[in-house]
Amino acid sequence: MTVKDLLNPHPVTITLEETFGGALKILLERHIRALPVLDSAGIYRGMFYLYDLWELLLPKAATLEGANVTDLSFMPGSLEELREKTLAAGPRSVIEFLKDKEAPAIHPETSVKEAILMLYHHDGVLPVVEKKTRRFLGILTPWEILNRLHDKE
Amino acid sequence: MHSESAAAHVIFGWSAAWVSSLIFVAVYVMVITEKLNRAILALLGAGLMILAGVLTQEAAIRGVDFNTIGLLLGMMVIVGITGKCGVFQYVAIWSAKKVKARPIGVLFMLSIVTAFLSALLDNVTTVLLIVPVTLLITEELKVKPYPYLLSEILFSNIGGTATLIGDPPNIMIGSAVGLTFNDFVFNLTPVILIVMGATLIPIYFLWRRDLTATEAAMNRVMKFNEREAITDPRLLKQSLAVLAAVITGFILAHALNIQPATIAMFGAAALLLLDNFHRDAEEQAKSVHHAFSEVEWVTLMFFLGLFILVHGLESSGVIAKMARELLAATGGDRNVTVIAVLWGSAILSAFIDNIPFVATMIPLIKSMAPAFGGDEALLPLWWALSLGACLGGNGTLIGASANLVVAGMAERAGQPIRFLAYLKSSFLLMILSILLSHLYLWVRFL
């Protein structure tokens, strides 16, 4: 079995023109954690994660690689302050939030075990793209795999 | 020394001096270009010294200063474990609140805290602990972190110069010459305190206008609860007790006739015991593995290779020849040599790694003892080498490992420190510190 047999071909996606605020609204309305970002030709350009919101709300040093900040209990914070930060970032383009460190794309030919290994490491949403063109084909999440496992029972 | 080389058979019958110089210079140039990791290069060079017949394996092992390696390893383990309990964040936040979170006051306090910690810990470790808290504080104050990071670079190198354990060159000098923790405190700490005070003055005039924060921003920092930064009070007590015992050990080392490596390694073992005796076997394995994974093995392997490389030069007579040349250049005058070593070390250390430089200079200076009338007469040269090599690291962004670590973190935080921008302010501050050291050495020793 390969990813081709499991993927969700019709997930919610956004385009490069989407704003941070608009993307957050979709995540909230759909109760999902990630949105594939496509350009006008349907090519996959990256993933917008709820994780990006957490990164925005935290002090920079807390998310800095190598800074080893594992505890922020000494820093008080109010919901109002966090709301202000979220609102201020609203008009920013989603492009600013697309990073290399996110889960790599997989292909329809990827084996199911390889896909599970990637989910094990990334615990998120894996974009499925055509190998050569990176044309977006769908996503693979833990739910697609769980559903198929449940079907067989 | 020469007998070790003579015992080996140099490849193709070439001169041991030429082969060892060739290997040494090749490694040095490659280290400067930074194309390959310095530990790989030093170990490769060390291997070549043996394979080319300059040294036998036994001679190479004799060249390694295990006192330096043991001291570094022990302190790295102790600091790695201590860092987990949040004590350094506590100190940084406490110091910022002591000045009511006023930006210029915070700049001064964090600089002084950095210097103090650097005197007791490795410089890289110090900045790794202080920079994240600095970024947290400056983000809350809504001020540019640049002056703070720049100042922390400067003070980590300045503070590290003050003690035997503050900076690797001092560890190497102390170990090779038999200088104690107290020798460094009595002879270097006074001038470092002067350099600290003198460096803060231009820093104040450079940045005072840029560093302003609103009352609301300062209040946010004042609301930080430093007590909450302590994540493991039990570990805190254990770590501080071991750290205090280790420092006391360093102070009493000479009287007790114990080498610093023994003290540091014993302290590391004691802290590992305290941190692990209540855990089961599996947890202990994980915890000890983690403690050792925090050790900077790249640095230690670099040292290992470097000692062998320098020993190759030494045993083939190159170092003695270099010493004769240096003596000829300074007219055999000790005072001129002291000043030449101070300024030469400072300028070179601003551009090249001070560790290989000091490793080369140690046998070179040692071999000058007969010319100057014995080991006692060399003391000012050791202080000049330490001051030049450690403070010189402040001259450029690539002058010391701590500089590069801060620059890397600043870059990732979106606050890059540019080479030229850093050079403009720091090179003059470095020259100021060397000028003060020059005066100090002149008044006290020459």
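Order of the sequence lines fixes the chain letters, A, B, ..., with proteins taken first and strands second; residue numbering starts at 1 for each chain. Heavy atoms only: backbone and side chains are in, while hydrogens, waters and symmetry mates are out.
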Neighbour count >12 (heavy atoms, 6.0 Å) for atom [atom1], [X]:
{"X": "B:Arg412", "atom1": "CZ", "result": "yes"}
{"X": "A:His10", "atom1": "NE2", "result": "no"}
{"X": "B:Glu282", "atom1": "CD", "result": "no"}
{"X": "B:Lys98", "atom1": "NZ", "result": "no"}
{"X": "B:Tyr146", "atom1": "OH", "result": "yes"}
{"X": "B:Arg279", "atom1": "CZ", "result": "yes"}

Open item on the list: Distance check, rounded to the nearest 0.5 Å: A:Met75 atom CE versus B:Arg220 atom CZ?
Closed with: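 Atom-to-atom, A:Met75:CE and B:Arg220:CZ are 9.0 Å apart.
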
TODO: Starting at NZ of B:Lys84, measure out to CG of A:Asp71 and round the result to the nearest 0.5 Å.
DONE: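 If we round to the nearest 0.5 Å, B:Lys84:NZ and A:Asp71:CG are 14.0 Å apart.
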
Which pair of non-hydrogen atoms, one from [X] and one from [Y], has the smallest distance, and what is that distance?
{"X": "B:Ala413", "Y": "A:Leu64", "answer": "N-CD1, 3.5 Å"}
{"X": "B:Glu228", "Y": "A:Ser73", "answer": "O-OG, 3.3 Å"}
{"X": "B:Pro132", "Y": "A:Ala61", "answer": "O-CB, 3.3 Å"}

TODO: Quick one: which of B:Asn225, B:Val221, B:Leu135 has the most heavy-atom pairs under 4.5 Å with chain A, could you say?
DONE: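 Winner by heavy-atom pair count: B:Asn225.
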
Task: Residue B:Ile93 versus chain A: region with a heavy atom under 4.5 Å - done: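 It is the side chain, since no backbone atom gets that close.
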
Task: B:Leu136 side chain reached by A:Phe74 side chain, heavy atoms, under 4.5 Å - done: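 Contact flag for A:Phe74/B:Leu136 side chains = yes.
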
Task: A:Lys60 backbone acceptor or donor facing B:Glu139 side chain under 3.5 Å - done: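 Looks like yes, one N/O pair under 3.5 Å.
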
